[in-house]
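This one's a predicted model, so the numbers in the text were calculated from it and none came from an experiment.
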Amino acid sequence: MTPEQNKTAEKMTSVKAAWDNAPAGPKKDAALKHYQAAEKANTAKNDADTNKELDAATHALA
């Protein structure tokens with residue numbers, strides 16, 4: 001894996017952990033949609049979209 005892919009993988013792990021620890025509610029629901037979109041983008045090897053969706057998920061949880 002390239003360093004960029006490693007960063008993306010670490011970011012996905014971090015966002016997933018934050019989502020797991022978040023209380024149930026609309027913020028968690030919104031973050032889940034972004035996280036699922038990030039997983040899809042990651043499967044398609046699209047790091048830019050993956051990071052964009054992970055950022056959106058993080059923002060949704062804030």
Side-chain angles (χ1 to χ4, degrees):
M1 286 210 288
T2 67
E4 184 65 28
Q5 288 170 324
N6 283 337
K7 283 184 197 169
T8 301
E10 288 173 20
K11 194 172 185 178
M12 286 196 76
T13 303
S14 170
V15 171
K16 178 71 166 93
W19 183 85
D20 285 340
N21 292 325
K27 288 182 176 185
K28 188 170 184 172
D29 295 341
L32 177 60
K33 289 178 184 165
H34 289 295
Y35 185 79
Q36 288 171 332
E39 285 180 319
K40 230 180 206 180
N42 192 46
T43 300
K45 299 197 185 320
N46 186 337
D47 283 343
D49 280 351
T50 301
N51 283 310
K52 183 178 84 170
E53 291 295 342
L54 290 173
D55 290 341
T58 301
H59 182 71
L61 288 171

For N46, does its backbone N or O pair with a side-chain atom of T50 as donor and acceptor, under 3.5 Å? yes
Is there any salt bridge (Lys or Arg N to Asp or Glu O under 4.0 Å) pair reaching into residues 30-57, and which pairs are they, with sequence neighbours excluded? K11-D55
Tell me who clusters with M12, hydrophobic residues only, linked when side chains sit under 4.5 Å apart either directly or through other members. V15, Y35, L54
How would you list, by chain and number, every residue that makes a side chain to side chain contact (heavy atoms under 4.5 Å, CB included) with D29, sequence neighbours excluded? none
Considering all heavy atoms, the nearest A60-A30 contact: CB-CB, 4.1 Å
Can you list everything that forms a side chain to side chain donor-acceptor pair (under 3.5 Å) with D20? Sequence neighbours excluded, please. K16
Suppose clustering is done on Ile, Leu, Val, Met, Phe, Trp and Tyr with side-chain heavy atoms closer than 4.5 Å. Which residues sit in the same group as L61? W19, L32
Report the residues that fulfil side chain to side chain donor-acceptor pair (under 3.5 Å) with K28, sequence neighbours left out, ordered by chain and then residue number. none
Rounded distance [0.5 Å steps], OG1 in T8 versus CG in N51: 4.0 Å
Could you report the tightest heavy-atom contact between A62 and K27, atom names first, then the distance? O-NZ, 2.8 Å
